[in-house]
There are 2 protein chains.
Amino acid sequence: MGEAPILRIDLGSGVPAYEQIVAQLRALLVAGKLPAGERLPPVRQLAIDLGVHHNTVALAYRELAEEGWLELRRGRGATVVERRERRPDAQARTEFSRRLEALVAKAAADGLSPEAVAKEFDALARKLWKGKKR
Amino acid sequence: MGEAPILRIDLGSGVPAYEQIVAQLRALLVAGKLPAGERLPPVRQLAIDLGVHHNTVALAYRELAEEGWLELRRGRGATVVERRERRPDAQARTEFSRRLEALVAKAAADGLSPEAVAKEFDALARKLWKGKKR
DNA sequence: GACTATTGTACACATACATTGTACATTTGT
DNA sequence: ACAAATGTACAATGTATGTGTACAATAGTC
């Protein structure tokens, strides 16, 4: 019946709402679930669904537009566009490395076993890169 | 000659300084490189090394103390203590899952290949769990 | 034992960030 | 031409982050 809830954000997670929106949309975009040409919901609509202000959604959209995923136009809405593949730079690599270490260390501190962490990682890799180019 | 630089924080990385300190110390603690009984540098000393205010370091120490890694006492300093293994709860699992997805999606968006990401992950797992209990 | 240095803590302040309220600009549809 | 829909701009507010400064507790020294 109802639409599948596109996104779900967790207030009180410490992570800013607009960052959660960016992160989840980016994951969908990377996984190819939002192909070029697709229209995203209007900022006001998504804002209501998520329980935040429309400017918060707008900020998220703008960040994704900066990153090359979306085209934003007044009165027309947000559209997914074709995006050129990026060449990773050193900055991106070290930043990823640092954050991954922090995240996994936190998981270990919380008691997650190496096996549980590895399993989670595998499941995610399949999810994100399933049906995409190798 | 000089001591190995224990930590290195990156201002302008977006991540708050005190969080970077917490994350890096936590990684060392998880990896067993700071065994119980070890003394951490005084907040003012570490603050100078890192180029931040000593209250910023103090905040990081307090967070790790809350987490059960350190004992803090006025005049005596910060000491690593024996810490009971945690049982992971659902909250920790879903939080880890969400953040991992966000992080890996970001890496993919930046152009890192699945192989590069997996490789980074392997190296990290070895680093964090090397010589620790299975 | 008194004094001083060392060390973590408390608290007020400044600045930046995140979110919201409100109004505006642009496009679409009738 | 008009109204509705949609993204944008900007001020206001609350929270987080970092700092300056003073305080409290412990350790070292004579």
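Basis for what follows: all heavy atoms, side chains included, without hydrogens, waters or symmetry-related copies. In what follows, every chain begins at residue 1, and chains take the letters A, B, ... in the order their sequences are listed.
Going from atom CZ of A/Arg74 over to atom P of D/dG7 covers 11 Å, rounded to whole Å. Rounded to a whole Å, the CG atom of A/Leu64 is 12 Å from the P atom of D/dT8. For the pair A/Glu63 CD and D/dT8 P, the computed distance is 13 Å after rounding to whole Å. Between the CZ atom of A/Arg39 and the C1' atom of D/dA5 there is a distance of 11 Å, rounded to whole Å.
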Distances under 3.5 Å between nitrogen or oxygen atoms of protein and nucleotides 27-30 of chain D:
from   : atom 1 : to      : atom 2 : distance (Å)
D/dA27 : OP1    : B/Arg76 : NE     : 3.2

Tabulate protein N/O versus nucleotide N/O from nucleotides 17-20 of chain D, keeping only pairs under 3.5 Å, one per line.
from   : atom 1 : to      : atom 2 : distance (Å)
D/dT17 : OP2    : B/Tyr18 : OH     : 2.7
D/dG18 : OP1    : B/Ala17 : N      : 2.7
D/dT19 : OP2    : B/His53 : N      : 2.8
D/dT19 : OP2    : B/Thr56 : OG1    : 3.2
D/dG20 : N7     : B/His53 : NE2    : 2.9
D/dG20 : O6     : B/Asn55 : ND2    : 2.3

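Listed by first then second residue, pairs satisfying side-chain hydrogen bond (donor to acceptor under 3.5 Å, both in side chains) with a partner in residues 22-33 of chain A read A/Arg26-A/Glu67, not counting sequence neighbours. Residue pairs meeting the salt bridge (charged side-chain N to carboxylate O under 4.0 Å, His left out) criterion with at least one partner in residues 45-59 of chain B, sequence neighbours excluded, do not occur; the list is empty.
Using a 4.0 Å cutoff on non-hydrogen atoms, the parts of residues 40-47 of chain B near DNA chain C are B/Pro42, B/Val43, B/Arg44, ordered by number.
Between the CD1 atom of A/Ile48 and the NE2 atom of A/His53 there is a distance of 11.0 Å, given to the nearest 0.5 Å. Here the CD atom belonging to A/Glu85 is positioned 11.0 Å from the CG atom belonging to B/Asp110, to the nearest 0.5 angstrom.
Grouping the Ile, Leu, Val, Met, Phe, Trp and Tyr side chains by contacts below 4.5 angstrom, directly or via other members, places B/Leu7 with B/Leu11. Under a hydrophobic clustering in which Ile, Leu, Val, Met, Phe, Trp and Tyr are joined whenever their side-chain heavy atoms come within less than 4.5 Å, directly or via other members, B/Val15 and B/Val22 fall into different clusters.
Side-chain heavy-atom separations under 4.5 angstrom define the hydrophobic clusters, and the remaining members of the one that includes B/Tyr18 are B/Leu59.
The pair A/Glu95-B/Lys106 does not count as a salt bridge, with every side-chain nitrogen at least 4.0 angstrom from each carboxylate oxygen.
B/Ala23 and A/Ala102 make their closest contact through CB-CB, 3.7 Å (heavy atoms, listed as atom of the first residue, atom of the second, distance). When every heavy atom of B/Ala105 is checked against every heavy atom of A/Val30, the shortest pair comes out as O-CG2, 3.6 Å.
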